[in-house]
Amino acid sequence: MLPRDLKYLVVGAGLWGGVLAERIASALGERVLVIDRRTHIGGNCHSFVDPDTGIECHAYGTHVFHTAIPRVWEYVSRFTRFTPYRHKVLTEHRGRVYPLPVGLAAINMFYGLNLRPYEVSDFIRREAAASAGDPADLEEKAVSLIGRPLYEAFVKGYTQKQWGREPRELPADIISRLPVRADYNTDYFSDPWQGMPKQGYAAMFDRLFRHPLIEVRTGLAYADIAGDVPPACTIFYSAPLDELFGYALGPLEWRGLRFERDILPYRDAQGTAVLNQADAEIPWTRAHEFKHLHPERGPQGTRTVVAREYSHACQGGDDPYYPVNTPQNQSLQSKYRARLAAEMPNIVAGGRLGGYRYLDMDKTVDEALGVFETLRARKTGEDGAWA
Ligand code: UDP
């Protein structure tokens with residue numbers, strides 16, 4: 001049963017929902033109910049301690065917090081301290097391991113050269129044999145950035161596995177996430193603020209949701225309570241919109257992930273937190289060795305936990321991870337959004353699932369803070385569109 005006077009409901013106890021619930025409780029002093037169909041809070045950032053090894057594992061793949069947005073860093077730092085961890089990613093191609101992102105180390109190793117930083121852009125331009133005009137898809141974009149041989153080696157197979165379609169059918173901006181550098185810096189992210197929650201993600205989310213005005217109910221989907229929600233309640237919804245409308249306009253396409261987790265009898269199995277597999281013949285996209293995310297915790301025993309990540313097309317009942325941002329799917333999402341605005345004006349959809357967007361954690365927090373600002377402005381009579 002839901003309280004008859006419930007004013008705020010948050011669907012989805014991930015970052016977007018967590019920030020909204022925390023703000024509503026702390027800054028507005030209002031009660032808020034948070035539900036999640038999973039049995040834990042934290043969404044895809046959820047971490048747990050493996051009972052056999054004591055190693056903190058990320059249940060849904062490695063999550064490293066990184067941002068260039070001052071208000072986001074200030075906000076998340078209220079709930080955890082961060083370690084100075086800088087993420088490194090390696091990729092294996094035809095039995096050899098290269099550092100990512102593509103920079104001097106990867107280029108020189110791949111070609112057996114000793115290029116200097118000032119020689120890189122001319123070299124890549126020649127390798128790219130650049131096509132005229134703006135790159136229209138992921139393949140054109142990647143070739144323009146790193147040239148065809150490096151694209152074929154490091155991007156093509158990985159992208160086919162990750163997205164289940166050809167890079168030519170995917171939008172260029174997916175690859176813009178990865179920097180291309182002309183130096184030996186092998187940090188995966190360029191943001192000024194980076195790190196891992198010192199006590200882990202689970203502890204960070206416990207603090208985010210720990211407020212006397214926040215009630216969390218897990219194992220509960222929106223459909224289970226939809227009929228019970230008082231009409232005056234404002235709902236912040238971070239779950240797929242197609243589901244909300246019973247798939248009336250057709251299903252939105254998502255990629256799902258499956259993890260095969262093993263405890264291995266080595267102190268160190270792969271020497272780094274994330275090892276990508278670039279080749280199409282290897283069925284997994286990458287493997288996560290979680291102890292490397294926390295070097296400050298020491299060797300953490302003589303065994304290690306490694307999770308291999310496999311990508312697949314979501315079927316009904318699978319957890320959605322990545323929206324497949326093709327024009328068709330974007331247009332379908334827009335139609336669902338139009339119906340939402342017309343038929344359910346008390347529901348604000350957002351976050352990765354509700355917004356159908358490929359969002360990093362920091363962008364998710366920023367978006368939620370923006371939505372909260374709109375809520376606060378509306379309460380004082382201003383008429384703002386939801387951010
Ligand atoms: N990518 C690639 N090869 C790699 C790593 C990434 O081709 O070794 C491409 C791929 O298309 C992927 C995109 O770059 O979907 C973004 O990668 P990122 O590591 O940012 O993905 P995430 O960690 O968000 O899954």
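As the structure is a prediction and not an experimental result, all values here were calculated from the model. In listed order, ligands and their atoms are each counted from 1.
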Show me the side-chain donor-acceptor pairs of residues 153-160 shorter than 3.5 Å, one per line, residues at least two apart or across chains.
| residue | atom | partner | partner atom | Å |
| --- | --- | --- | --- | --- |
| T159 | OG1 | V155 | O | 2.8 |
| Q160 | NE2 | E166 | OE1 | 3.0 |
| Q160 | NE2 | E166 | OE2 | 3.3 |

Heavy-atom cut-off of under 4.0 Å around ligand 1: list whichever protein residues fall inside it, by chain and number. L100, F154, V155, Y158, T159, Q162, W163, I174, I175, R177, L178, Y188, N276, R286, Y322, Y358

Any pair with a residue in residues 270-294 that passes salt bridge (Lys or Arg N to Asp or Glu O under 4.0 Å), sequence neighbours left out, goes on the list, sorted by first then second residue, please. R286-E309

Using the ring of Y310 (Phe, Tyr or Trp, six-membered ring only), decide whether R258 places NZ or CZ under 6.0 Å from its centre and within 45 degrees of its axis. yes

Could you tell me which residues satisfy side-chain hydrogen bond (donor to acceptor under 3.5 Å, both in side chains) with T234, sequence neighbours excluded, listed by chain and number? none

Would you please test Y247 and E243 for side-chain contact (heavy atoms from CB on, under 4.5 Å) and show each step? CA-CA 6 Å; Y247 307 95; E243 193 184 317; 3.6 Å; yes

Between L9 and V11, is there a side-chain heavy-atom distance shorter than 4.5 Å? yes

